[in-house]
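Everything on this sheet refers to the single structure shown next.
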Number of protein chains: 2
Amino acid sequence: MAALEKPARKLEAQPLYARVKGALVERLISGQWKPGAMLPSEFAIAAELGVSQGTVRKSLDEMTAQGLLVRRQGKGTFVAEAADTEILFRFYRLTRDEDEGRTATRFPDSRYLAQFQNTANEEERRIFNLPHSAKVWRIDRTRHDGAQTLLWERITLPCTLFEGLSETTELPNNVYRFYAKNFGHIVSHVNEKLKAVALREDIAPHLGLEKGTPVLEVDRRAIALDGQTIEWRVSLCRSDVQHYRNVLR
Amino acid sequence: MAALEKPARKLEAQPLYARVKGALVERLISGQWKPGAMLPSEFAIAAELGVSQGTVRKSLDEMTAQGLLVRRQGKGTFVAEAADTEILFRFYRLTRDEDEGRTATRFPDSRYLAQFQNTANEEERRIFNLPHSAKVWRIDRTRHDGAQTLLWERITLPCTLFEGLSETTELPNNVYRFYAKNFGHIVSHVNEKLKAVALREDIAPHLGLEKGTPVLEVDRRAIALDGQTIEWRVSLCRSDVQHYRNVLR
DNA sequence: CAGTGGTCTAGACCACACA
DNA sequence: GTGTGGTCTAGACCACTGG
């Protein structure tokens, strides 16, 4: 890749470090730099793009703050793998009531109830911006801590974005890492919508609670680096033994 | 204030910009720089502390990212007032269902039900780390959008931290700004714990719902810059017309 | 040891606000 | 114009990693 092009007029240009960052994010989106890969050194990137090392550093620092990169002194800069405990729990906010205070230390395992392709309904088409008669995967599962069921959820994925998924592939614990590794979709952020709802009759047996019990409904959309919604998930969470924790800064 | 002291050994020292930041945060905590005040210029701070302007900039950038400061090109650097819409909504996560997508544009008004001093119970003493027989303020109120009640909440404040509050002072819409301006407590972050619960009988009339209806319970602790918990708030939120939104990055 | 990221400095120039 | 923050560069030195 050659040096960055100069913008026509200085006035309407983004700062140089922002354009450098854009060029680097492009390489993540395109898959040129895959999760876990080591980036060239700051000086190498600077020389390649024709800017100073300090400018490259500012771009890398921002990307690190966003969680796209991991920097290790003395070793290098790497594409984030979403592998560390911290990143694993980045999107997992439920905590057992008795674990209050510390970060969740247990990660529940999954039990699969159903996994099949369907024609997308209107809501799914709207969420994923799909044409008529497009197909989606629907995956129903429960999550447990030991013998206790903590939540039921349905994960919806557009088939076009997940070619090669089959009815027997089990999602691993860290699904977002799985999406990145196998399908090249890097999640940049997720939007969640929380409500308290009365437990539906068809879900009640799965959670071992009476129909009508208040449960926490979490409606989540995962957004990829390119802005596309790649996953829709609705979770119904027992609220008597766990809570959703959040820190606002 | 004189130049920063050199640490005994370089090895165990924090980076210079971190110590600069610490020194500046001290001035916020001590009230030397009050909300809304303009800070000296980068060069002035640098000269005073005996470091370079770039080092001061790095400290100021971090504090800006934390929301402690607001920087305006051409004007100066100011202590954040929690006055802008964005900051006003930083801690307000409830959105009317029909407003989905955009940031909340309406901020509900309040109706006060009760406001009185009490001896702290065991839970309150634990939360605020108070001695026996310490006193707390308890403020009960509802919040509305037009004729519709959206939530009931109880705010608990330790009397020692809020000297001068009376039974007739109404909290303004932006309470955290009020705390900063009148009592010098700058909120650095809040911890929230969410659950779905069945509506209690004594609260039901306030929300205009049946006893037992699922409502969203938000348990919030506000933490000041010095690490002290300064406010405990439990909100019971109608979940049929609004939701709690969250973005995880 | 060489190579990496982390910190710090000094100085230049630009864009914006306001008198 | 002057003073502010915003960007960019060049170069120095430190701390960490691994051969």
Side-chain angles (χ1 to χ4, degrees), chain A residues 3-24 33 36-81 84, chain B residues 3-24 33 36-81 84:
Chain A
L4 294 173
E5 290 174 25
K6 292 251 156 83
R9 293 180 51 211
K10 191 86 185 192
L11 280 174
E12 47 190 304
Q14 279 186 300
L16 189 51
Y17 71 84
R19 283 181 292 136
V20 168
K21 181 178 166 186
L24 301 182
W33 290 337
M38 180 176 158
L39 269 60
S41 77
E42 296 180 347
F43 279 102
I45 296 174
E48 187 194 356
L49 298 182
V51 302
S52 82
Q53 175 252 10
T55 301
V56 172
R57 172 177 290 278
K58 181 147 186 175
S59 309
L60 295 178
D61 282 348
E62 279 198 2
M63 293 170 73
T64 303
Q66 270 185 261
L68 297 177
L69 302 178
V70 176
R71 316 194 72 185
R72 284 193 274 269
Q73 185 171 103
K75 301 186 73 174
T77 303
F78 301 83
V79 183
E81 283 213 77
D84 314 325
Chain B
L4 294 174
E5 290 176 26
K6 289 250 156 84
R9 294 178 52 211
K10 190 86 186 193
L11 281 175
E12 49 189 304
Q14 279 185 299
L16 189 52
Y17 71 83
R19 282 181 292 136
V20 168
K21 181 178 167 185
L24 301 183
W33 290 338
M38 179 176 160
L39 270 60
S41 78
E42 297 180 349
F43 279 102
I45 296 174
E48 186 194 357
L49 299 182
V51 301
S52 81
Q53 175 251 10
T55 301
V56 172
R57 173 178 290 276
K58 180 149 188 174
S59 310
L60 296 178
D61 281 348
E62 279 199 2
M63 293 170 73
T64 303
Q66 271 185 261
L68 297 176
L69 303 177
V70 175
R71 316 193 72 185
R72 283 193 274 269
Q73 184 172 108
K75 302 186 72 173
T77 303
F78 302 83
V79 183
E81 284 212 77
D84 314 326

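Computed from a predicted model, the values in this text were never measured in an experiment. Residue numbers start from 1 in every chain, and the chains themselves are labelled A, B, ... in the order their sequence lines are given, proteins ahead of strands.
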Evaluate the side-chain proximity of A:K58 to A:T55: yes if any heavy-atom separation is below 4.5 Å, no if none is.
-> no
Residues which pass side chain to side chain contact (heavy atoms under 4.5 Å, CB included) with A:A65, listed by chain and number, not counting sequence neighbours | none
Given atom CG of A:L49 and atom C1' of D:dC8, what is their separation to the nearest angstrom?
-> 15 Å
In whole angstrom, give the distance that lies between atom NZ of A:K58 and atom P of C:dT7.
-> 15 Å
Interatomic distance, B:Y17 OH vs C:dT9 P [rounded to whole Å] = 13 Å
Of the non-hydrogen atoms in A:L16 and A:V51, which two are nearest, and what is the gap between them?
-> CD2-CG1, 3.6 Å
Rounded to whole Å, the CD1-P distance (A:I45 to D:dC8) equals 16 Å
Under 3.5 Å for both distances, Watson-Crick or G-U wobble, that's the pair rule; now give the dot-bracket for DNA chain C, with | marking pairs to another strand and [ ] for crossing ones.
-> ||||||||||||||||||.
Atom CD of B:Q14 to atom C1' of C:dG6: distance rounded to whole Å?
-> 14 Å
Are OP1 or OP2 of D:dT9 and a side-chain N or O of A:T55 less than 4.0 angstrom apart?
-> yes
pair A:W33-A:L24: side-chain heavy atoms closer than 4.5 Å = yes
Taken to the nearest 0.5 Å, the spacing of B:Q53 CD from B:L60 CG works out to 9.5 Å
Shortest non-hydrogen contact between B:I45 and B:P40, atoms and distance | CD1-O, 3.6 Å
Starting from P on C:dT7, measure out to NZ on B:K21 and report it in whole angstrom.
-> 12 Å
Please confirm whether the backbone N or O of B:R71 pairs with a side-chain atom of B:T77, one donor and one acceptor, at under 3.5 Å?
-> no
Distance only, no hydrogens: is a donor on one side chain within 3.5 Å (strictly under) of an acceptor on the other, for B:K21 and B:Q66?
-> yes
Just the atom pairs and distances: protein N or O near nucleotides 1-5 of chain C's N or O, under 3.5 Å.
residue : atom : partner : partner atom : Å
C:dG3   : N2   : A:G74   : O            : 3.0
C:dT4   : O2   : A:G74   : N            : 3.3
C:dG5   : OP1  : A:T77   : OG1          : 3.2
C:dG5   : OP2  : A:E42   : N            : 3.2

